[in-house]
2 protein chains.
Amino acid sequence: MVAYTLSDDAVDRIFKALADRTRRDIVRRTLTQQASISELAREYDMSFAAVQKHVAVLEAADLVARIPKGRERIIQGNPEAIRRAQQLLGHFEEIWRGRIDRLDALLATDN
Amino acid sequence: MVAYTLSDDAVDRIFKALADRTRRDIVRRTLTQQASISELAREYDMSFAAVQKHVAVLEAADLVARIPKGRERIIQGNPEAIRRAQQLLGHFEEIWRGRIDRLDALLATDN
DNA sequence: AGTATATGCAACCATTTGGTTTCAGATTAA
DNA sequence: TTAATCTGAAACCAAATGGTTGCATATACT
């Protein structure tokens with residue numbers, strides 16, 4: 001297994017990105033089916049620019065990738081990032097179970 | 001197992017609450033050791049009122065409970081809420097694996 | 001009773017967030 | 001070549017966020 005070291009900033013970005021229902025929906029969609037930003041924008045009741053900004057927030061958190069293809073940018077959800085976020089929460093549970101007492105002791109460790 | 005139905009608002013609150021390092025630290029601490037708001041406030045380089053507000057955000061997301069005890073309010077982390085958040089992310093993984101195609105189809109279901 | 005401590009809450013402030021409209025550049029299609 | 005489409009980026013705006021100080025109230029201590 002790979003060792004992940006997520007900075008506080010990175011964790012902030014991940015949870016902040018997931019704290020918006022439009023962005024969660026974009027992740028959900030693009031996990032199973034890639035889509036261009038235009039295609040995504042048609043699904044929501046907001047401007048293209050607004051959707052574009054949501055995608056930028058998701059990309060900054062590494063929750064999606066933006067793959068150039070001609071004049072389009074194909075958006076693809078990143079299941080690995082979701083798994084990392086899930087592991088972060090798993091660490092809280094381990095703390096609760098008393099297995100470890102400091103979160104940062106685990107963030108830089110294999111699992 | 002109990003069936004959880006988390007509204008979009010509730011999910012927003014949970015991830016928003018987790019998107020701040022001070023609040024994550026409060027959850028971490030209070031999962032293993034209860035503390036009054038004053039005790040928590042002494043741990044951070046900000047005012048009592050600021051910590052009080054962070055605790056309010058966590059309580060609104062049900063990530064901690066505020067238990068009155070004399071003039072104090074004892075803060076206790078809620079491991080069940082963490083587990084629910086983890087399950088939310090688990091649903092994304094299930095979507096990715098193609099087991100389900102709509103997140104809301106699972107949110108109102110046993111697991 | 002009087003003092004110290006713990007909390008709650010309001011007012012205020014700067015920055016961030018989530019939306020908008022507008023314009024420019026790149027790519028594709030006719 | 002010309003027109004249509006897709007993206008990027010800037011300027012702007014209202015509301016939310018994360019901090020502050022100040023004050024009131026409740027409880028505990030001497």
Phosphate contact (C/dT7 OP1 or OP2) by B/Gln52 side-chain N/O below 4.0 Å: no
Rounded interatomic separation in angstrom, taking CG from B/Leu40 and C1' from C/dA6: 13 Å
Which part of the nucleic acid, if any, lies within reach of B/Thr22 when heavy atoms closer than 4.0 Å are counted: base, sugar-phosphate only, or nothing? nothing
Closest of C/dG19, D/dG19, C/dG8 to the B/His54 side chain is D/dG19
Calculate the interatomic distance between A/Arg66 atom CZ and D/dG8 atom C1'; express it in whole Å. 9 Å
Classify A/Arg42 by what it touches in the nucleic acid, base, sugar-phosphate, or nothing, heavy-atom distance under 4.0 Å. sugar-phosphate
Rounded to whole Å, CE of B/Met46 lies from C1' of D/dG18 at a distance of 8 Å
Does the side chain of A/Asp25 come within less than 4.5 Å of A/Arg29's, by heavy atoms? yes
Is B/Ser47 touching bases, backbone alone, or none of the nucleic acid, heavy atoms closer than 4.0 Å? base
Nearest 0.5 Å please: distance from the CD atom of B/Gln52 over to the CD1 atom of B/Ile75. 9.5 Å
Taking atom C1' of D/dG8 as reference, at what distance in whole Å does atom CD1 of A/Ile75 sit? 13 Å
Any link between A/Val11 and A/Trp96 through a network of hydrophobic side chains (Ile, Leu, Val, Met, Phe, Trp, Tyr) touching at under 4.5 Å? yes
The side chain of B/Ala50 lies closest to which of these nucleotides: D/dT20, C/dG19, D/dG18? D/dT20
Does OP1 or OP2 of C/dT5 have a side-chain N or O of B/Ser38 closer than 4.0 Å? no
Round to a whole Å and report the spacing from OH of B/Tyr44 to P of D/dG18. 15 Å
Mind checking if B/Lys53 touches a base, just sugar-phosphate, or nothing, with heavy atoms under 4.0 Å? base
To the nearest angstrom, the CG-P distance between B/Leu18 and D/dT17 comes to 14 Å
Check: C/dT5 base within 3.5 Å donor-acceptor of B/Arg71 side chain: yes
Starting at atom CD1 of B/Ile37, determine the distance to atom P of C/dC9, rounded to an integer number of angstrom. 10 Å
Round to the nearest Å and state the distance from B/Arg21 atom CZ to D/dG18 atom P. 11 Å
Any B/Leu18 side-chain heavy atom under 4.5 Å of A/Leu89 side chain: yes
Using a 4.5 Å cut-off on heavy atoms from C-beta on, say whether the side chain of A/Ile67 contacts that of A/Glu72. no
Short side-chain N/O contact from A/Arg73 to OP1 or OP2 of D/dG8, under 4.0 Å: yes
